[in-house]
Amino acid sequence: MAVALNPFIWDRPLDDPSKIIGMDAFANRVALTLKGQTNVALFGPRDTGKTTFTNQLALELATSHGDDAPPFDVVKVNLQRVVSIPGFIGCVHDAIIGHPVKRLRRAAARQISALEKEIGFDIKVIKGTVKSSPLSPAQDAETLHAQLLALRSLSDHLVVIFDEFQRLRHCPGDPLAIIRSALMSSGANHISMLFTGSIRNALQMMLENSQQPIFGEAAEMQLPVISSPEFLEYLDFQFEATGKPAEDVALNHLLNLTRAHPRSTQQLAWACWVDTAAGQPVTLETVIRAHDRLVQTIERSEFASILSVLMSGDEGEVNEVRALQLLADRGGDNVTSRPTAKRYGFSSHSRVRPALERLQRRGLVDQRNGTWYIVDPLFSEWLHRASPLVDRPPPVEALDDAAGTA
């Protein structure tokens, strides 16, 4: 008898098409935009499914949408850790050498071999895996430009995805100008680019500032929120298919707790599945217990570390902590109320919005339809539970004592 595996993923992008939900229409729209030779800048807070979406988008791009929109190949370059031009070169090298499609991987190997002969040194020297004298900034820039030019020869129809593109704003050496010269110039009409970013303001600054090399070069799109009905249907099916059917009240409560945040929903569903014996239902009590345990683990997470750093900083950083607590306790509709700002320690209500904007740049909060919110719902709940400014019912023991005294 086969043993059922947990159908939910704890903390990684999804690449199984059967587990990617709620993005079919959007993936089709973005694919057709890219195939129409328009670059796209895709915004979305961190952990809301951008990388998972790019996996679905690659599948959509690989299909034919007619004579004018044949299948496109995709190269995904992860820029999350890039702080220098050599780092950028290393990311592009890893993306093409490790490409999952053998045809493109072999074409990339040929291109890199030809490139190394042309520039006269090994890419591994630039990455630092082979000891050698460091190259000059001009040589680094020349190498990156030649490397991106080589990308153009990999396919007649190509989309290059630059994930966490806003990281390049801190990269010296003018990488945006290099990208523009290599991938937006004559001879690159068969290439489109997708720029993804978890810090909206930073990515917009790169695209909407007329002083930037890629000013106005991409259509801006927002990653849509997965609707609760779609998520509910997905969760219901996954629990049922693995022999642990979930009660409707349990599923609704799960999605209310996570606000359909993709990562948090996957994690809470994973924990509920683990806590339920084979053949038994997932109950409301199961969801409550699993959620409590997840919230408590925040104490040892990166969020707690971030708070500790902010609390040790200057007044502006401490204001960010105050703004986080305000959102967790009161919501984000009326953030500049004078009484509320005073209650949370702001010297002036005018300091609340700048603190929220700094938190947005950190990727911790975002704004939707004019309302601010903490991106990760588990983090928000952890802050709320620890707040000294939230009214809480007295413990049962205190109520019993009060009744006895009366």
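Counting begins at 1 with the first residue of the sequence.
Side chains of Glu381 and His291: no donor on one and acceptor on the other come within 3.5 Å. The closest side-chain donor-acceptor pair between His145 and Ser181 falls under 3.5 angstrom. Gln56 and Asp15 share no donor-acceptor pair across their side chains, judged by distance under 3.5 Å alone. Glu217 and Asn39 share no donor-acceptor pair across their side chains, judged by distance under 3.5 Å alone. For Ser305 and Ser308, the side-chain atoms include no donor-acceptor pair closer than 3.5 Å. Neither side chain, Asn78 nor Glu164, offers a donor N or O lying under 3.5 Å from an acceptor on the other. When only modelled atom types and interatomic distance are considered, Thr258 and Thr265 share a side-chain donor-acceptor pair under 3.5 Å. Between the side chains of Thr371 and Asp333, at least one donor N or O lies within less than 3.5 Å of an accepting N or O.
Met193 places a side-chain heavy atom less than 4.5 Å from the side chain of Met184. Contact check for Met23 versus Leu223: side-chain heavy atoms found under the 4.5 Å cut-off. Side-chain contact between Val318 and Leu310 is absent, with no heavy atoms from C-beta onward closer than 4.5 Å. Inter-residue side-chain proximity for Val375 and Leu364 is flagged as unmet; no heavy-atom pair is nearer than 4.5 Å. Side-chain contact between Val352 and Tyr344 is absent, with no heavy-atom pair separated by less than 4.5 Å. At least one side-chain heavy atom of Pro175 sits under 4.5 Å from a side-chain heavy atom of Ile85. Side-chain contact between Leu59 and Thr63: absent, with no pair of heavy atoms (C-beta onward) separated by less than 4.5 Å. A 4.5 Å side-chain heavy-atom check between Phe43 and Met221 finds every atom pair outside the cut-off.
Within the 3.5 Å criterion, the main-chain N or O of Trp273 finds a donor-acceptor partner in the side chain of Lys244. For Gln37 (side chain) and Asn189 (main-chain N/O), a donor-acceptor pair under 3.5 Å exists by modelled atom type. Judged by distance alone, with hydrogens and angles left aside, the side-chain atoms of Thr48 form a donor-acceptor pair with the main-chain N or O of Pro45 at under 3.5 Å. Not one N or O on the side chain of Ser387 forms a donor-acceptor pair closer than 3.5 Å with the backbone of Leu383. Under the 3.5 Å distance criterion, the side-chain polar atoms of His384 are matched with a main-chain donor or acceptor of Ala328.
To the nearest 0.5 Å, the span separating NE2 on His157 from CG on Leu61 amounts to 12.5 Å. Of the inter-residue distances, the one linking Asp236 atom CG with Glu247 atom CD reads 11.5 Å to the nearest 0.5 angstrom.
Taking a 6.0 Å sphere around CZ of Arg106, one finds it holds 12 or fewer heavy atoms contributed by other residues, nucleotides or ligands. Asp156 CG: 12 or fewer foreign heavy atoms inside a 6.0 Å radius. Environment of CD in Glu233: sparse, with no more than 12 heavy atoms of neighbouring residues, nucleotides or ligands closer than 6.0 Å. At most 12 non-hydrogen atoms from other residues, nucleotides or ligands lie less than 6.0 angstrom from CZ of Phe237. Atom CG of Asp248 has 12 or fewer heavy atoms from other residues, nucleotides or ligands within 6.0 Å. Shown here is Arg105, whose CZ atom has more than 12 heavy atoms of other residues, nucleotides or ligands within 6.0 Å.
A side chain to side chain contact (heavy atoms under 4.5 Å, CB included) with Glu285 holds for exactly one of Ile288, Val282, Thr283; it is Thr283.
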Go through the steps to decide whether Leu183 and Phe162 satisfy the test side-chain contact (heavy atoms from CB on, under 4.5 Å), and finish with yes or no. CA-CA 12 Å; Leu183 299 179; Phe162 289 111; 4.1 Å; yes

Let's go through Leu235 and Leu255 carefully: what are the C-alpha distance in whole Å and the side-chain angles of both, what is the deciding distance for side-chain contact (heavy atoms from CB on, under 4.5 Å) to 0.1 Å, and is it a yes or a no? CA-CA 10 Å; Leu235 295 172; Leu255 286 173; 4.0 Å; yes

One pair to check against side-chain contact (heavy atoms from CB on, under 4.5 Å): Ser155 and Phe72. What are the steps and the verdict? CA-CA 8 Å; Ser155 172; Phe72 271 54; over 6 Å; no

CA sep, side-chain torsions, deciding dist, call: Ile178, Asp174, side-chain contact (heavy atoms from CB on, under 4.5 Å): CA-CA 7 Å; Ile178 297 172; Asp174 209 359; 5.6 Å; no

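A salt bridge does not link Lys35 with Asp68: none of the charged nitrogens is closer than 4.0 Å to a carboxylate oxygen. For Asp292 and Arg385, the salt-bridge test passes: some basic side-chain N is under 4.0 Å from an acidic carboxylate O. Between Glu315 and Arg351 there is no salt bridge, since no side-chain nitrogen of the basic residue lies less than 4.0 Å from a carboxylate oxygen of the acidic one. Between Lys76 and Asp163 there is no salt bridge, since no side-chain N of the basic residue sits under 4.0 Å from a carboxylate O of the acidic one.
Closest non-hydrogen pair, Arg343 versus Arg330, comes out as CD-NH2, 3.7 Å.
Scanning for side chain to side chain contact (heavy atoms under 4.5 Å, CB included) contacts around Gln238 gives Pro7, Phe8, Lys19, Tyr234, with sequence neighbours left out. Judged as a side chain to side chain contact (heavy atoms under 4.5 Å, CB included), and not counting sequence neighbours, the contacts of Ser227 are Pro229, Glu230. Looking at residues two or more places apart in sequence or on another chain, you find a side chain to side chain contact (heavy atoms under 4.5 Å, CB included) between Ala108 and Ile96, Leu154.
Using the six-membered ring where Trp is involved, Trp382 and Phe379 have ring planes that are parallel, under 30° apart on the 30 and 60° scheme.
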